[in-house]
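So the structure is just underneath, and the comments pick up after that.
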Amino acid sequence: MYSLDTHTFLWWLDTPEQLKPATREIIEDPTNLIYVSAAVSWEITVKRALKKLSFEHDFEAVIALNNFLPLPITVHHTLALDKLPNHHRDPFDRILVAQALSGGFTLVTRDPDIPKYGVPVLAA
């Protein structure tokens with residue numbers, strides 16, 4: 001089971017050549033479960049509102065068209081944040097780490113701080 005971080009999700013949609021070929025193959029493989037967290041849509045929405053990102057896709061349609069699975073943020077995930085060391089200040093990345101650790105996901109990312117949490121990582 002894999003969870004895409006925001007950059008990975010955006011690269012997948014708009015510039016898949018930026019992803020490592022092996023990572024693209026994993027995302028394309030229909031036997032792999034690929035999740036996209038509500039934190040990704042939250043981060044995209046916030047950055048769009050701040051005019052830091054242009055995102056013209058229908059988020060829910062993209063999830064469905066790519067056979068990705070939505071991953072909600074639960075109370076369990078937010079409470080797990082309290083147990084995380086402060087390797088990272090970004091709240092979106094921290095919730096993705098909490099979800100990955102509690103759900104047994106491999107987080108697909110290029111963020112160099114994420115592996116410090118001991119979460120399984122696949123380099124985007």
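What's counted below: heavy atoms across the whole structure, side chains too, no hydrogens, waters or symmetry copies.
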Closest contact, heavy atoms only, I73 versus A39: CD1-N, 3.7 Å

Under the side-chain contact (heavy atoms from CB on, under 4.5 Å) test, residues paired with I26 that sit two or more places apart: Y2, N32, L122

Closest non-hydrogen atom pair between A38 and P72, with its separation: CB-CA, 4.4 Å

Shared hydrophobic cluster, V36 / V46 (ILVMFWY, side-chain heavy atoms < 4.5 Å): yes

Pairing residues for K52 by the side-chain contact (heavy atoms from CB on, under 4.5 Å) criterion, not counting sequence neighbours: K47, L50

Backbone of Q99 reached by a side-chain donor or acceptor of S37 within 3.5 Å: no

Residue pairs passing the side-chain hydrogen bond (donor to acceptor under 3.5 Å, both in side chains) test where at least one lies in residues 103-121, sequence neighbours excluded: D5-T109, H88-D111, R94-Y117, D113-K116

Whichever hydrophobic residues join L33 through chains of side-chain contacts under 4.5 Å: M1, Y35, L69, L71, F105

Residue list, side chain to side chain donor-acceptor pair (under 3.5 Å) with E17, at least two apart or on another chain: none

Flag, side chain of T8 to backbone of L4, donor-acceptor distance under 3.5 Å: no

Donor-acceptor under 3.5 Å (S102 side chain, A98 main chain): yes

Trace of the side-chain contact (heavy atoms from CB on, under 4.5 Å) decision for F92 with V40: CA-CA 7 Å; F92 304 111; V40 172; over 6 Å; no

Trace of the side-chain contact (heavy atoms from CB on, under 4.5 Å) decision for F9 with I63: CA-CA 10 Å; F9 178 76; I63 298 291; 4.1 Å; yes

Pairing residues for H57 by the ring-ring contact (aromatic ring centres under 6.0 Å, His included) criterion, not counting sequence neighbours: F55

L65: hydrophobic cluster co-members (side-chain, 4.5 Å): none

Pairs meeting criterion salt bridge (charged side-chain N to carboxylate O under 4.0 Å, His left out) with involvement of residues 19-31, two or more places apart: none

Pairs meeting criterion side-chain hydrogen bond (donor to acceptor under 3.5 Å, both in side chains) with involvement of residues 59-71, two or more places apart: W12-N66

I95 side chain near V97 side chain, heavy-atom distance below 4.5 Å: no

